[in-house]
Each structure stands twice: as C-alpha cells, then as structure tokens.
Amino acid sequence: MQNFNINQKKAVEFSGKHLLVLAGAGTGKTKTIIGRASYLIDRGTDAGKIQILTFTKRAANEIVERVKSSISSSTTANLRGATFHSWCSQLITKFPNLFGASSFTVIDPDDQIGAMKIICGNYVKEYKAVRLKPQQLIDIYSFARNTKKSLTETLRSKVFKGKTDNDTNEEILQIKPYIEILLKAYQNKKMQSRYLDYDDLLLVVANRLQKDVQARDILAAHYEHILIDEMQDTNPLQWDLIKPFISMSCLFCVGDDAQSIYSFRGADFKNVHLFSERVPGSEVQVLDKNYRSTQYILDVSNWLLQTSPIDYNKQLISARELGEKPELINVESQWEEANYISERILGNFTEGNKTFSDHLILSRSQYYTKPLQAVFIQKKIPYVTYGGRKFMESAHIKDVVSLLRVVNNPYDEIAWIRFLTFWEGIGEIRASKFVKDIISCLHHDNLADQLPHIIGGQDGSRLGDLFSAVLDKQGDVRAAVKMAYEEMSLNLAYKYRKDWNEKRKADFPVLEILAGNYASLGEFISEGVLENSKQLNGTPVLESSKLTTEDHKDHVIISTVHSAKGLEADTCFVLNVSPKVYPSAWNLDDNDEIEEDRRVLYVALTRAKNELIITRDTSSINAFHNTINDTGEDKEITSSYFLEELPMSLVHQKNVQKHNSRGADIERPNDIDLSMGMDFN
DNA sequence: CCCCCGTGCATTTTT
DNA sequence: TGCACGGGGG
C-alpha cells in the first residue's frame, strides 16, 4: 500500500461507520478515496458492494482505474464508480420492478429546452406574459427541484436576485400562475413522451427510497460502502438520495468547503458543515498538508481566501519547497494572451524539458477559450478540451440517434421532430402534424404499417421503410447504428455540406463502436447521453476506456475551472483574471455569488504544482481604475475585483505588448530603448 | 401557407 | 456556435 501521512492513514483505515474527510486542495483527497477503496477490498469487502460516487464520469473512471492498478488480484473486477446520475440510471434499469420505469428515454438539456419550446409554442399567451426564455424556464424548474425550494422562492433567487421588496413580491405573484402552467405542461409532456430528464433520474430513485422502506432495504443490501467525492457539491436532492443508505451502509465522504462552486445547481457549501448533525455518530478527519503546490503558489491562494468575509479557516501549508513566485501577466488582447501562452508552452516543450501534458489552461467559461484554440491549431500545439460539447450532443450525431430514439420509444416527440425535419421539404410545422398523428396511432395501430400513410407520398414510403429496417435490427445496437447512418449519410452530407469534413465523418464509426458496448437500444440511449467526452483539437473524442485511439498522446489540457476539479499540472495558466470576470459582472450585486466566484478562482489557482501563470486584460484593468476614480466609492468597487489588493510581493508582474497582427508570430521589441549607448558607471 | 437560407447577434459555470 | 428574424421562393 502507498505511503500515507498520519491523517490520511486514519481516514483510509477508519473503523467506525460514517466518516467525513475535510480535505483542502492538494492534500491527497483522491489518493485517500482510492486508498480507502483498496483498503476495504484488501480487508475482504466484496468490491461489488462498494459504490464510488462522483460528479463527473472522468473522476469516476480515474478512481476505479487507479484502485484496480493498486491491487494486482482480480478482486477489484466488480468495483463500480459512477456519477450520481448514471448510478441512478443504472438502478432504474437494473430494478425495473422497484422503480416502475421502463422504455423511457433520458433527455439532455438541449432536449429539455426543445420540449419547453414546444410548450411555449402551445401556450403563447402565458409565454409572452412571463417574459422568460425556454432556457430560463428549464433552469427555474431544475433549480427548484434540486434545492427543494418553492416556485416563489426559486423565482425570487433566480429571476429577482433575492430581492424582497413589495414590487418584487407583486411581480412574482403576477407571473407565478403563468409559469406554473408552463411547467406543468412540461411535466405532462415528459410523461406523455416517457422522458426522464437528468433531475428525474435522481428524483425517481430518491422518492422511491424515501417512501418505501422495503425498497430501501433491498437496495441498501447491495451497498456496504458508499464513497462520495466532492461532497461540498451535493445539493438537497442528492442528499435525499444518500440519506436512505445511512442506516445500512457506511458513508465515506470527501470534500472541501472552499472548493464549492456549484451553487447554481443547488449545492450549498455549508452542507459539509452539517454532515455531523445529519449523520448521527459520524466522525470527521481533516487533511491539511498540501503535497501538490510550492509554497509561493499556496501563498497567493491563501491570500485570496483570507480576503473573503467568509471564514474558511484554511491555511494550506506546502510539504514542498518555496518554489517560484506566480506570474501575473498583463496582456492587451485575447490574441496576445493566446500568443504569449503558446510561446511559453512551446518554450517549455523545446527547452524546458516538459511535455504538453504538463500544461493545464483554465478558463471561467467555454466561450473564452475559442481564440486560444485557434492559435493552438495554427501553431500545431496538440490539446484537448474538458467541459466542451459532448460527443452525443453534437448535431450530426443527434440526427442519427434520433432515428434510434423513435424506434426505441415511439412516444419520443423531440426525436420525431428532429428525425422528420432532417429530411428536405419537411419543416417544423408539417413535422408536428405528423407527430400528432403518430402518437394517436400508437394507441390502436401498428406504427410501422401506418407510418407511410401518415407522412404520405414518396417521403412516406421512404421513411416508413427506414423505420421498419431499423426496427428489425433492434436487438443488435451496433447494426442498428450502422443501418441508420448508411441510410442517412447522403442527407447528412447535404445538411452539413459547409463543414462535412473528415472529422465529422469519422464520428460515425466511433458511434458504431460505442453502440457495440450496449445490450439494447434503450440502454445505449439512456447511458449514452450521460457518457462524458472530451475534444481533441476541436473534435469530440470519446473518453470511454474502451476506445484508446488518441488517448495516450501528449497534449495540453484546456478546461473550464468547473471541469478541472481534481486535475493538477506542473504548469498552470489561469486565463483572464480581470475585473468583471473574477467576480463576474453578472454577480456584482449578490454577495453569495461573489464568494462563489472567489472559490472558482481558488480552485483554479490551487491546480498548479510548480508554475502558476495568471493572465489579465490591461484595458479592463484601466477601465476599472477609471470607474473607481469617477465614482469615488472605491470601497464597494474594489471589493468587486479580487486581485485589486493583491500584494505585489506575492507575484512577479509583467506586461506583454502588442503583437502586430492577429495570431501572427512576429516578435517586436517591447519598446524603443532610449537608454542605449549610455554607461552610467 | 410553409420551407429555406442569409444576416446579425450575444454567449457563465454541469449532470 | 447557435439563435431569432426577415425576405425570397415553392
């Protein structure tokens, strides 16, 4: 077994029932959870009775893989790691008589919004009255269910920023009935189409376990130990899911309140503090020695937390050397930032003896990394992105999957619309009419027979044949995918003619291979949408360990901070740490949101092992200072930019001047040097 | 009436 | 990148 320090060892070999491990950044959180699983298996626990729960598929896979490689025997074969969502999805499939949901379709957020759009089209009066976009309505619905808050409370915090004045109350009262109508219509649509959205997966399981003691006992008997990563990110709904296991299973939860960055999904960092209260007889183990970063990097991170009004009571002490001071780089544009970073990376690669994978680039948002990706492609720096569009969410894949979906679940209205409008000459209006007829036909007739008549004409016989052909291949998922792609490829080429490139085409063989891993269409569709993916130079690549094509290549990682939890790298760039970004301009009037943004930055800073490079935009710094001078209210405003009062002794600051054009790599001297030719000695 | 395509726009964070 | 919008064409 690996070498653990005293506290890690206490956690790994804990002999009580429930344990909360409070572990600061870089203190060996993942190592401890892996050590715990290995220890339990070593001591004879059946690996199949250990469930590891995480928030990302990547974290789950990594933990399971590392446990497996730490124990040589085959006793780990049954060890399972999953996200909360995929775990629930598996439970629903595995115990159909417990949950009563069969032949359902798991819909992703895109489809949720699609469904809500249909609703808004049907309820124009209500939709106009609420003045919220379908996206926002879905967010409200999801937030309310995740936090178990009432619609009124949810509206107050999501739409009205927590305001409690009379005008706000009035307005809430006014729009609430309309929103209720829209949300109820959405729920009905889900039932009618046999959809489960992501929240439903958790709710179906949680509700059943809460109501039915017998179901709870049956299920809990399958899980002796539940190991939960990133406990600070669990929300009330996820807590409902865990709670039923307290009496029979042992909980081992790992978390850090200072890294809680999911309040927008209903998580509350105070949850970790409540653990001892909510889980009677539980114990707490603190890990505070940081093995990841040098002390200078931790100094900046510690400073950031200290300037918060919240007392996190956290000072990370490095077990390593002082190292190099973090660098604060001021750039004049996003292109320079991208150029500067790519030059640093290429320098480290050619002269610094570092690999591309020693570099991690962190951004607040997806969107912001676009120019950087463009420069990387131009300079041929290999990279992958984390947190990008998922493989199964890309448009051309969804087109093909829509056919599989309607075969699997003919009530799947969104898939029907996508499948029907895929063909030339069929638009949304005709498609919705067809769908109506299709659904009503399902009650009394055989759809495969009726489909040609419903659609009519040439399209009718063509699509009818296609539907029947895939229906025949239902038992062989891979063959069904192949068939669907072959029949649709001509139209795919037409639909995406502008960018129907090799990369897109190459996705379909991948889809086939992926399909081969599932026993039924239904499993493929519901598990497949939850399957995470990453992108290699802009193209989605499956992360599944079954596909190893590009996996071992050396590449830089570009990630959002949210997707980077648990990651670490020798050199870490934190992009655009400018005013209005940290904290975000959206959040300036909400203290809780400001503090969450602070934690986001904290997570970013603590990823670096040896080199931390923070970039920020010169012009927005200047604009920020001008506002302070204009208003004179510096107190409020300075608190709204985290780095404003950063002691310069903690970093090395440097200005990077203009490159002469976008993405060009011609070096220009930083300034004319007027001191030349003079020797002051 | 319905479909298609060009243009202009704004874009937090995730399962 | 994906969207809402408007005009041209079937």
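We name chains A, B, ... by the order of the sequence lines, and we start the count at 1 in each one.
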* Asked: Quick one: salt bridge (Lys or Arg N to Asp or Glu O under 4.0 Å) partners of A:Asp257, sequence neighbours excluded?
  -> A:Lys314

* Asked: Does a nitrogen or oxygen in the side chain of A:Ser563 sit under 4.0 Å from OP1 or OP2 of B:dT14?
  -> yes

* Asked: Given B:dT14, is OP1 or OP2 found less than 4.0 Å from the side-chain N or O atoms of A:Thr56?
  -> no

* Asked: What is the nucleic acid contact for A:Tyr262, judged by heavy atoms within less than 4.0 Å: base, sugar-phosphate only, or nothing?
  -> sugar-phosphate

* Asked: With sugar-phosphate meaning primed atoms plus P, OP1 and OP2, does A:Ser365 contact a base, only sugar-phosphate, or nothing at under 4.0 Å between heavy atoms?
  -> sugar-phosphate

* To do: Check whether the side chains of A:Gln187 and A:Tyr141 place a donor and an acceptor atom closer than 3.5 Å, and report yes or no.
  => yes

Just the rounded figure in Å: distance from [atom2] of [N] to [atom1] of [X].
X	N	atom1	atom2	result
A:Phe55	B:dT13	CZ	C1'	14 Å
A:Ile594	B:dT13	CD1	P	19 Å
A:Lys133	C:dG2	NZ	P	16 Å
A:Leu362	B:dT13	CG	C1'	13 Å
A:Asp108	B:dT15	CG	P	12 Å
A:Arg265	B:dT12	CZ	C1'	14 Å
A:Ile261	B:dT14	CD1	P	9 Å
A:Asp139	B:dT13	CG	C1'	11 Å

* **Geometric cation-pi criterion A:Arg598 and A:Tyr582, 6.0 Å radius, 45° cone** => no

* Structure fact -> The nucleotide from B:dT14, B:dT11, B:dT13 with an atom nearest the side chain of A:Tyr367 is B:dT11

* To do: Measure from the side-chain heavy atoms of A:Lys117 and tell me the nearest of B:dT15, C:dA4, B:dT13.
  => C:dA4

Identify each atom pair where a protein N or O and an N or O of nucleotides 2-4 of chain B are less than 3.5 Å apart, giving names and distance.
unit_1 : atom_1 : unit_2   : atom_2 : d
B:dC3  : OP1    : A:Gly427 : N      : 3.0
B:dC3  : OP1    : A:Arg430 : N      : 3.2
B:dC3  : OP2    : A:Ile429 : N      : 3.4
B:dC4  : OP1    : A:Gly425 : N      : 2.7

* To do: Specify the residue among A:Glu593 and A:Phe84 whose closest nucleotide of DNA chain B lies further upstream toward the 5′ end.
  => A:Glu593

* Can you say whether the rings of A:Phe264 and A:His562 are parallel (under 30°), tilted (30 to 60°) or perpendicular (over 60°)? -> perpendicular

* To do: For the pair A:Tyr518 and A:Phe524, name the ring-plane relationship: parallel under 30°, tilted 30 to 60°, perpendicular over 60°.
  => tilted

* Side-chain donor/acceptor contact of A:Tyr198 with base of B:dT15 under 3.5 Å -> no

* Under 5.5 Å between ring centres and under 30° between planes: true for A:Phe264 and the base of B:dT13? -> yes

* **Aromatic centroids of A:Phe55 and A:Phe84 separated by under 6.0 Å** => yes

* Are the side chains of A:Asp197 and A:Tyr186 in touch, meaning some heavy atoms are under 4.5 Å apart? -> yes

